[in-house]
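Okay, structure first, notes after.
On a predicted model such as this, the values are computed, not experimentally measured, just so you know. Residue numbers start from 1 in every chain, and the chains themselves are labelled A, B, ... in the order their sequence lines are given, proteins ahead of strands.
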Amino acid sequence: MPELPEVETVRRTLYPRVVGRRLERVEILTERQIFHPDPGTFRAELEGAVFDDIERRGKYLLFSLGPLLLVAHLRMSGHLFVCGPEAPRQKHLHVVFHLDDGQELRYVDQRKFGGFHLLGPDRQGMPRGLANLGPEPLSPSFTPDVLAAALAGRQTSVKAALLNQALVAGLGNIYVDEALFCARIHPARPAGTLTEEEVARLHGCIRRVLARAVEKRGTTFSLYRDGEGNEGDMYDELQVFDRAGEPCPACGTTIQKVAVAQRGTHFCPRCQPAPEGVALTPVRARPGRRGRSVRVAAEPPGTYE
DNA sequence: CGTATGCCCTGCGCGC
DNA sequence: TGCGCGCAGGGCATAC
């Protein structure tokens, strides 16, 4: 599940291998992964163009090639990486961008949820989510006041609000659970009920968790790899995500997994007390997690921010 | 507008 | 061992 830290890591690893290269040929093996425009136009526009830059907005990767903007989203299981033409073709390979140094930028996606938009100078056809994307949480413009305004007046759970890309860009299931644990806020709390102090703590925790995950080159939970095929190192530092049944690193209480906003949600019932009158559906812990060493947080919740 | 629901898709865990 | 079922989930369309 690539979220902001994973997408940023892909961006950084692709950058030196892609920027400056001419795109000689685009091979589309699965047309449905080309969202806009039609695959023939997509190919024709791109062939011969030169990659100038790669940027990231939220979970979107933005490749600029002169006036063209190639927008990629990996969704659940998309992989973008550079390899040589001799590398055996992956089972779920959908698009190959042939570069002028003989290398290939490949798009592999087991679940076929992700794919590409190509925008011209007028930027017509931009995916809605990108056009409506909220602030970058690691940029200076993301202040506690900005977060407070995004959450104010909302009845929905703070977890659902944080997953809403129009409110804050780049958070997904893993880092929402981690940020809420860090801030000692129960994920089912109605977003609009957070106090100013809680919002400030959450703001700091979002930045802290994401920045650390970028440092660790992302979380490899199941399939994620960066643009060079390497795993991320953040998994072992996760405090609650995928740790149902294990002791809370801060207090030792058993971490629970419940459903919030139709998402598997991990939290510590002691560090993150439930709001009044909220019934939570327990979700069985994922099997096969036994034997993992329990790491103690460098600082317990409460000393953050 | 805010909020909730279903869909896309594949692999895997589970129950039998 | 093998088979079928249901779940997982980001973003988007759709409904209310």
Side-chain angles (χ1 to χ4, degrees), chain A residues 1-8 10 29-36 56-62 71-80 90-95 107-117 125-134 137 149-179 187-194 210 213 218-225 235 238 241-245 257-266 278-279 281-290:
Chain A
M1 309 169 230
E3 305 180 25
L4 186 154
E6 291 75 31
V7 178
E8 177 62 21
V10 172
L29 305 170
T30 309
E31 296 202 334
R32 66 174 300 142
Q33 313 314 133
I34 308 302
F35 300 132
H36 178 89
R56 179 194 57 74
R57 271 287 279 137
K59 303 173 194 172
Y60 291 89
L61 279 171
L62 310 176
V71 178
H73 200 299
L74 307 175
R75 296 284 184 100
M76 301 298 298
S77 56
H79 297 141
L80 262 178
Q90 292 76 10
K91 183 174 179 188
H92 300 287
L93 180 64
H94 303 304
V95 185
Y107 182 66
V108 172
D109 190 346
Q110 175 186 99
R111 294 185 191 173
K112 300 185 187 175
F113 282 6
F116 300 89
H117 288 72
M126 182 180 291
R128 241 209 183 90
L130 179 58
N132 296 327
L133 204 57
L151 301 179
R154 292 189 183 267
Q155 307 292 311
T156 194
S157 64
V158 63
K159 167 137 185 176
L162 294 179
L163 288 171
N164 182 345
Q165 302 297 297
L167 299 182
V168 183
L171 289 168
N173 209 37
I174 295 174
Y175 299 115
V176 166
D177 282 4
E178 292 296 310
R189 287 274 300 281
T193 68
L194 268 60
L210 290 177
T219 299
T220 293
F221 176 54
S222 53
L223 296 168
Y224 167 76
R225 298 290 189 282
Y235 184 83
L238 298 180
F241 186 85
D242 199 35
R243 290 185 176 273
K257 183 175 181 184
V258 297
V260 176
Q262 290 86 244
R263 293 283 186 269
T265 299
H266 314 73
V278 171
T281 312
V283 176
R284 196 187 319 175
R286 223 162 62 89
R289 297 260 57 88
R290 285 179 304 280

Report task. Name the nucleic acid region contacted by Arg75(A), choosing base, sugar-phosphate or nothing; use a 4.0 angstrom heavy-atom cut-off, strictly under. Result -> base

Query - Along DNA chain C (nearest heavy atom to each residue), the more 5'-positioned of Gln262(A) and Leu130(A) - result: Gln262(A)

Query raised in the report: Can you check the Leu163(A) CG to dG11(C) P distance for me, whole Å?
Result: 9 Å

Query raised in the report: dG10(C) P sits how many Å from Gln110(A) CD, rounded?
Result: 15 Å

Query raised in the report: Please give, in whole Å, the distance from dG11(B) C1' to Arg111(A) CZ?
Result: 7 Å

**Report entry** Euclidean distance, atom CE of residue Met76(A) to atom P of dC7(C) [Å, nearest integer]
**Finding:** 16 Å

**Report entry** Side-chain N or O of His73(A) closer than 4.0 Å to phosphate OP1/OP2 of dG10(C)
**Finding:** no

Requested in this report: Figure out the NZ/C1' separation between Lys112(A) and dG11(B), and round it to whole Å.
Outcome: 13 Å

Query - Note, Tyr107(A) side chain near Leu74(A) side chain (heavy atom, < 4.5 Å) - result: yes

Query - Ring-base stacking, Phe113(A) with dG10(C) (5.5 Å, 30° cut-offs) - result: yes

Report summary line: Those residues at least two apart in sequence (or on a different chain) that pass side chain to side chain donor-acceptor pair (under 3.5 Å) with Gln165(A) are none

Report task. To the nearest Å, give me how far apart NE2 (His92(A)) and P (dC12(B)) are. Result -> 9 Å

Requested in this report: Go ahead and write out DNA chain C as dot-bracket, 5' to 3': ( ) for pairs within the strand, [ ] for ones crossing earlier pairs, | when the partner sits on another strand, dots for unpaired; Watson-Crick or G-U wobble, both distances under 3.5 Å.
Outcome: .|||||||||||||||

Query raised in the report: Arg263(A) side chain: which of dG11(C), dG2(B), dC9(B) is closest?
Result: dG11(C)

Requested in this report: Could you check how far CD of Glu3(A) sits from C1' of dA8(C), rounded to whole Å?
Outcome: 14 Å

**Report entry** Interatomic distance, His79(A) NE2 vs dG11(B) C1' [rounded to whole Å]
**Finding:** 13 Å

